[in-house]
Number of protein chains: 2
Amino acid sequence: MRSLFHPAIEDVRPDAILHALSDPNRAAIFAQIMRAGCVDACSALATLGDRVIPKSSLSTHFKVLREAGLIRSARHGVEMRNEARFAEVEARFPGLLDAIVNAYASDAGCDAMRVPAAE
Amino acid sequence: MRSLFHPAIEDVRPDAILHALSDPNRAAIFAQIMRAGCVDACSALATLGDRVIPKSSLSTHFKVLREAGLIRSARHGVEMRNEARFAEVEARFPGLLDAIVNAYASDAGCDAMRVPAAE
DNA sequence: CCGTTAGTTCTGAATTACCGAACTATGGGA
DNA sequence: TCCCATAGTTCGGTAATTCAGAACTAACGG
């Protein structure tokens, strides 16, 4: 596997972040990573709410989040470890991530954010 | 012309807002409406930066912003008047719009936000 | 009634997203 | 060492979106 691409923080663009998080599934994945600080595997959250996400789609979702500069991924043994680049993004775009995650969380109509492992 | 559709504020979804603003052109249009409080015509901002946007695309952009719940549009005579639904959206998703607009504004690489009529 | 300006809809081409299937990479045994 | 299981990526075909030119509609002013 070739090493994963992560943009430098100064290359991170707001439109890429908004695009990445405009998908409720990706937003739910990112919210969970932010909450947990670190998520150990894609498969660990292969089900969001009650909807099953195929692993090829999941892989793409992680790639989009990674290339938008939202997460950092590294392989540890056989599985992937993902962590949010919260501090960096927060420094560059203050308040953005919190506002977005809170917006999703406060939206009652969005069941994709209900993750079983949430509490 | 049939009357324009505007979603009730409680029907406004975060993913629709993020999707609408994930396009730099639309974000620039929205930022200008927010700054000015009210923009009188589509054609008034038919050029963003130095790029010319065809009016059919412009019409679509306004439609996307409108259906995302970000702006309210009404016909006044021959032209369209657009205003930001800032207070409503702010009450529902606190800090979201400011964070997004500030993110674009602080992104030096984003020339779409440079609007000639800005100041 | 005609022309002009402002904006919308239609339409086809190009782009992007989705997801099943095949593939690659890593670690753990026998 | 070889093989298997697990974790994730890439490929390929189809579906859904987006883009922008052209034609259309709406409103006002002679």
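The figures that follow rest on heavy atoms only: side chains count, while hydrogens, waters and symmetry mates do not. All of these numbers come straight from a predicted model, not from anything done at the bench.
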Take atom [atom1] of [X] and atom [atom2] of [N], then tell me their distance rounded to the nearest Å.
X       : N      : atom1 : atom2 : answer
B:Arg81 : D:dA26 : CZ    : C1'   : 17 Å
B:Arg75 : C:dA6  : CZ    : P     : 11 Å
A:Glu79 : D:dT9  : CD    : P     : 12 Å
B:Phe62 : C:dA6  : CZ    : P     : 13 Å
B:Leu58 : C:dA6  : CG    : P     : 12 Å
B:Ile53 : C:dG7  : CD1   : P     : 14 Å
A:Arg26 : C:dC19 : CZ    : C1'   : 15 Å
A:Asn25 : C:dA17 : CG    : P     : 14 Å

Nucleotide nearest [X] when distance is taken to its side chain, options [options]:
X       : options               : answer
A:Ser59 : D:dG21, D:dG8, C:dG7  : D:dG8
B:Ser56 : D:dA7, C:dC18, C:dT9  : C:dT9
A:Lys55 : C:dG7, C:dA22, C:dT26 : C:dA22

Query raised in the report: Think A:Ser57 has a side-chain N or O under 4.0 angstrom from the OP1 or OP2 of C:dC19?
Result: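 Yes.
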**Report entry** Closest approach of B:Ala68 to B:Val12 (non-hydrogen atoms, all atoms of both residues)
**Finding:**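 Looking at all heavy atoms of both residues, the shortest contact is O-CG1, 3.3 Å.
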**Report entry** Non-hydrogen side-chain atoms of B:Leu70 and B:Ile33 separated by less than 4.5 Å
**Finding:**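 A side-chain contact under 4.5 Å is absent here.
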Query raised in the report: In this structure, which one of B:Lys63, B:Glu67, B:Arg75, B:Arg66 forms a side-chain contact (heavy atoms from CB on, under 4.5 Å) with B:Leu4?
Result: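 With B:Leu4 as partner, B:Lys63, B:Glu67, B:Arg75, B:Arg66 yield a single side-chain contact (heavy atoms from CB on, under 4.5 Å), made by B:Arg66.
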Requested in this report: Between A:Val78 and A:Asp23, name the one whose nearest nucleotide on DNA chain C is closer to the 5' end.
Outcome: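 With A:Val78 and A:Asp23 compared, the 5'-side residue is A:Asp23.
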Report task. Tell me which of B:Arg66 and A:His19 sits closer to the 5' end of DNA chain C, going by the nucleotide each one is nearest to. Result ->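 This one resolves to B:Arg66.
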**Report entry** NZ/NE/NH1/NH2 to OD/OE distance under 4.0 Å, A:Glu88 and A:Arg72
**Finding:**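 Judged by the 4.0 Å cut-off on N to carboxylate O distance, A:Glu88 and A:Arg72 do form a salt bridge.
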Requested in this report: Verify the distance criterion only: is there a donor paired with an acceptor across the side chains of B:Ser73 and B:Asn82 at less than 3.5 Å?
Outcome: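 Yes, side-chain donor-acceptor contact under 3.5 Å.
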Query raised in the report: Heavy atoms under 4.0 Å, any strand shown: does A:His76 hit a base, just sugar-phosphate, or nothing?
Result: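 Result for A:His76 = nothing.
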